[in-house]
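Written out below as structure tokens is the structure these notes cover.
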Protein chains: 2
Amino acid sequence: MVDAADTLRKHGLPVTAQRVAILSAVHHHPHATADEVAEQVRSKLGSISRQSVYNALNVLTEHGIIRRIQPADSPARYEDRVGDNHHHLVCRSCGRTEDVCCATGHTPCLNASEEHGFAIDEAEVIYWGLCPSCRGGGHASRPHRHSHS
Amino acid sequence: MVDAADTLRKHGLPVTAQRVAILSAVHHHPHATADEVAEQVRSKLGSISRQSVYNALNVLTEHGIIRRIQPADSPARYEDRVGDNHHHLVCRSCGRTEDVCCATGHTPCLNASEEHGFAIDEAEVIYWGLCPSCRGGGHASRPHRHSHS
DNA sequence: TGGGGGCTTTGACAAAGTCCAAATCTGGAT
DNA sequence: ATCCAGATTTGGACTTTGTCAAAGCCCCCA
């Protein structure tokens with residue numbers, strides 16, 4: 001595990017306290033939302049502006065240092081783990097997110113039967129279901145819109 | 001192709017001019033957003049409230065009459081084609097959306113290697129790429145956030 | 001003809017981000 | 001160690017996409 005500041009330097013990015021704290025927060029809280037990252041950073045630095053959080057997360061994402069995932073009905077989430085083609089498993093009820101390795105080896109399903117002339121560069125897979133806690137009691141902590149009446 | 005009103009009746013839903021127009025709009029404009037649907041409906045009925053559009057789209061979705069898809073960086077889109085396990089191909093630049101049949105038969109990739117105790121009920125696949133028009137000139141009509149500097 | 005229930009409308013509200021201009025800081029050169 | 005240009009951070013207004021809630025309307029049925 002490399003140092004956050006080093007990672008930034010390695011990518012030619014100016015090292016600021018905010019960036020370091022943000023990158024570190026993402027590392028220690030995989031799949032955190034921008035808000036959650038902001039909370040974490042505030043507990044370290046005392047304060048940070050919302051815009052700085054978004055700026056940093058965007059810059060880090062553009063440089064491939066972190067990855068952004070945007071499941072339906074959830075704000076964007078960020079993760080450290082880049083470079084390997086893994087997917088996500090999301091709880092419909094509480095939004096809990098887990099990593100899952102690619103079931104069929106590498107770059108699965110990347111052969112869409114019809115390409116419609118598109119230049120496809122990624123196949124994004126999201127598994128939807130209910131996490132253990134939400135299966136049990138049925139006491140959903142976040143009502144979702146997918147319920148079949 | 002069944003009549004919109006019949007479809008509503010078949011599902012025990014009250015038939016209103018708005019609902020018929022909305023369902024019809026979705027049928028004739030697959031992958032339209034709520035706003036686009038509203039536009040279509042206005043050109044038929046003269047006017048409709050935003051809330052009615054959302055109400056109808058939600059009701060129709062809950063009854064499985066239409067399906068909602070929510071790709072990253074795009075408002076929700078709706079489509080007529082339900083019941084078959086097909087996926088989507090989305091242009092990173094302009095958001096153009098196409099249907100693609102499931103590459104590997106049916107319910108692909110539904111065997112996540114690690115299930116983390118989740119009860120998985122769906123594997124959602126989105127292929128990302130550039131559509132023919134956006135590949136060519138490079139004149140992106142909607143700047144996206146995935147560009148690698 | 002009179003009720004009811006469900007739809008529709010209207011308007012306020014909320015979440016998640018972006019835009020912009022001013023103040024501040026970082027990194028490299030002196 | 002100091003300075004400067006350019007990049008970053010801030011704060012606040014603003015946008016987009018939806019939802020909530022109250023009130024009105026319409027149609028069906030007795």
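Basis for what follows: all heavy atoms, side chains included, without hydrogens, waters or symmetry-related copies. The sequence lines fix the lettering, A, B, ..., with proteins before strands; numbering per chain opens at 1.
In this structure, of dC20(C), dA16(C), dT8(C), it is dA16(C) that holds the atom nearest to the side chain of Y54(A). Distance from the side chain of P75(A) is smallest for dA16(C) among the nucleotides dA16(C), dT9(C), dT10(D).
Contact between the side-chain N/O atoms of R19(A) and the OP1/OP2 oxygens of dT9(D) is found at a separation under 4.0 Å. Regarding contacts with the backbone of dT10(C), every side-chain N or O of S49(B) stays at 4.0 angstrom or more from both OP1 and OP2. Between T16(B) and dG6(C) there is no side-chain N or O to OP1 or OP2 distance below 4.0 Å. In this model, the phosphate group of dT18(C) is approached by a side-chain N or O of N58(A) to a distance below 4.0 Å at OP1 or OP2.
Each of I48(A) and A34(B) was matched to the nucleotide of DNA chain D holding its nearest heavy atom; the match closer to the 5' end belongs to I48(A). Comparing S52(B) and P14(A) along DNA chain C, the residue whose closest nucleotide (by nearest heavy atom) sits nearer the 5' end is S52(B).
In plain terms, the two heavy atoms of S52(B) and I22(B) that are nearest each other are O-CD1, 3.9 Å.
Scanning atom types as modelled, no donor and acceptor separated by under 3.5 angstrom connect the side chain of Q18(B) and the base of dC7(C).
If you take CG of L60(B) and P of dT8(C), they are 10 Å apart, rounded to a whole angstrom. Distance Q51(B) CD to dG11(C) C1': 11 Å, rounded to the nearest Å. Between L57(B) atom CG and dT8(C) atom P the separation is 11 Å, expressed in whole Å. The distance between atom CG of L45(A) and atom P of dT10(D), rounded to the nearest whole Å, is 9 Å. Atoms CZ (R9(A)) and C1' (dT26(C)) sit 11 Å apart, rounded to a whole Å. In this structure, the CZ atom of R77(A) is 10 Å from the P atom of dA16(C), given to the nearest Å. The distance between atom CZ of R50(A) and atom P of dC14(D), rounded to the nearest whole Å, is 14 Å. At whole-Å resolution of the value, CD in Q70(A) and C1' in dA15(C) are 15 Å apart.
Checking R68(B), H31(B), H29(B), H27(B) one by one against E79(B), the side chain to side chain donor-acceptor pair (under 3.5 Å) holds for a single residue, H31(B).
Salt-bridge check for R92(A) with D121(B): passed, with a basic side-chain N closer than 4.0 Å to an acidic carboxylate O.
Ring centroid separation for the pair H88(B) and H86(B) comes in under the 6.0 Å cut-off.
Taking CG of D6(B) as the reference point, atom NE2 of H11(B) lies at 11.0 Å (rounded to 0.5 Å).
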